[in-house]
Amino acid sequence: MEVGYNADKRKLLSSVCHGAIFFSTTLLSIGVPIVINLISDDPVVKSNAKESINFHFNVWFWGTVIGVPIGVISFLTFGLGGILFFPLVALGFALHWGLTIWALLHCFSQPDEPLRYPFIFRVF
């Protein structure tokens, strides 16, 4: 016998997992999909929660890999490096926000299909 899952609950929990990164980029935002992954029994919600956790790790990793050298260069050049590399930082924010909005739209339009972010490394 196949178990049916509530589509509205699936949409809500999946979108909260992906939208949690808008709360902040601290540990609070990754705690939401972790908790949802632990308490939910829906396989699509669990998959979306794991993907959201992986996306958080990617945002932190690439923010550090790109941000620290730009910060050092900006410090050493008295801010000129920050001005020169601003388009790279803006592109990073556009990708971060754009992929998250895309994930939210996917959760609302295709709630029975888990989302897979392109071009990220997956720990979970």
Side-chain angles (χ1 to χ4, degrees):
M1 183 170 96
E2 187 173 318
V3 177
Y5 294 100
N6 185 348
D8 290 335
K9 184 177 176 182
R10 179 178 276 178
K11 283 182 190 179
L12 175 69
L13 291 177
S14 293
S15 60
V16 166
C17 285
H18 290 290
I21 203 154
F22 287 135
F23 298 153
S24 70
T25 54
T26 62
L27 293 177
L28 169 71
S29 65
I30 199 170
V32 173
I34 289 172
V35 168
I36 289 175
N37 188 32
L38 293 174
I39 64 172
S40 178
D41 59 345
D42 187 338
V44 173
V45 172
K46 284 182 144 327
S47 177
N48 278 322
K50 289 177 185 173
E51 193 70 6
S52 175
I53 294 167
N54 287 324
F55 185 65
H56 276 80
F57 287 147
N58 276 268
V59 168
W60 293 341
F61 175 76
W62 289 113
T64 303
V65 166
I66 294 170
V68 169
I70 289 175
V72 170
I73 290 169
S74 181
F75 178 76
L76 293 175
T77 61
F78 301 105
L80 185 62
I83 294 169
L84 292 175
F85 287 108
F86 177 76
L88 181 64
V89 174
L91 176 66
F93 275 105
L95 280 172
H96 168 240
W97 283 65
L99 286 173
T100 304
I101 291 169
W102 172 65
L104 291 171
L105 292 174
H106 180 274
C107 289
F108 288 124
S109 64
Q110 300 170 350
D112 296 331
E113 185 179 318
L115 174 84
R116 299 279 290 183
Y117 285 104
F119 311 117
I120 68 169
F121 62 87
R122 289 170 176 84
V123 179
F124 296 106

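Quick caveat, the model's predicted, so the values are computed rather than measured. Only heavy atoms go into these numbers, but all of them, side chains included; no hydrogens, no water, no symmetry mates. We count residues from 1, following the sequence as given.
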**OP:** Answer yes or no: is there a side-chain heavy-atom contact under 4.5 Å between I53 and I34?
**Re:** yes
**OP:** Using a cut-off of 6.0 Å, state whether more than 12 heavy atoms not belonging to F61 lie near its atom CZ.
**Re:** yes
Original post:
Distance from L95 atom CG to L91 atom CG, nearest 0.5 Å?
Top reply: 4.5 Å
**OP:** Locate the shortest heavy-atom distance separating I36 from L13; write the atom from each residue and the value.
**Re:** CD1-O, 3.9 Å
Original post:
Does N54 reach the main-chain N or O of F124 with its side chain, forming a donor-acceptor pair under 3.5 Å?
Top reply: yes
Original post:
Does atom CH2 of W102 have more than 12 heavy-atom neighbours from other groups under 6.0 Å away?
Top reply: yes
Subject >> Partner of E51 under side-chain hydrogen bond (donor to acceptor under 3.5 Å, both in side chains), chosen from H56, K46, R122 >> reply: R122
**OP:** Mark yes or no for whether T100, through its side chain, and H96, through its backbone, hold a donor-acceptor pair below 3.5 Å.
**Re:** yes
Original post:
Just wondering, more than 12 heavy atoms not from F121 lying within 6.0 Å of its CZ?
Top reply: yes
**OP:** Identify the heavy atoms of S14 and V44 that sit nearest to each other, and give their distance.
**Re:** OG-O, 4.4 Å
Subject >> Atom of I120, atom of F55 and distance for their closest heavy-atom approach >> reply: CD1-N, 4.2 Å
Original post:
Rounded to the nearest 0.5 Å, what separation is found between the OG1 atom of T77 and the CG atom of L84?
Top reply: 7.0 Å
**OP:** Without swapping roles, check the side chain of N48 against the backbone of S15 for a donor-acceptor pair under 3.5 Å.
**Re:** no
Subject >> Distance (rounded to the nearest 0.5 Å) between L115 CG and H106 NE2 >> reply: 5.5 Å
Subject >> H18 versus Y117, side-chain donor and acceptor atoms under 3.5 Å >> reply: yes
**OP:** Heavy atoms only: give me the nearest P33-S52 pair and the separation to one decimal.
**Re:** CG-OG, 3.7 Å
Original post:
What's the spacing between F85 CZ and I66 CD1 if we round to 0.5 Å?
Top reply: 11.0 Å
Original post:
Any donor-acceptor pair under 3.5 Å linking the side chain of R116 with the backbone of P114?
Top reply: no
Original post:
Between N37 and A49, which heavy-atom pair has the shortest distance, and what is it?
Top reply: CB-CB, 3.8 Å
Original post:
When you look at CZ of F75, are more than 12 heavy atoms from neighbouring residues, nucleotides or ligands closer to it than 6.0 Å?
Top reply: no
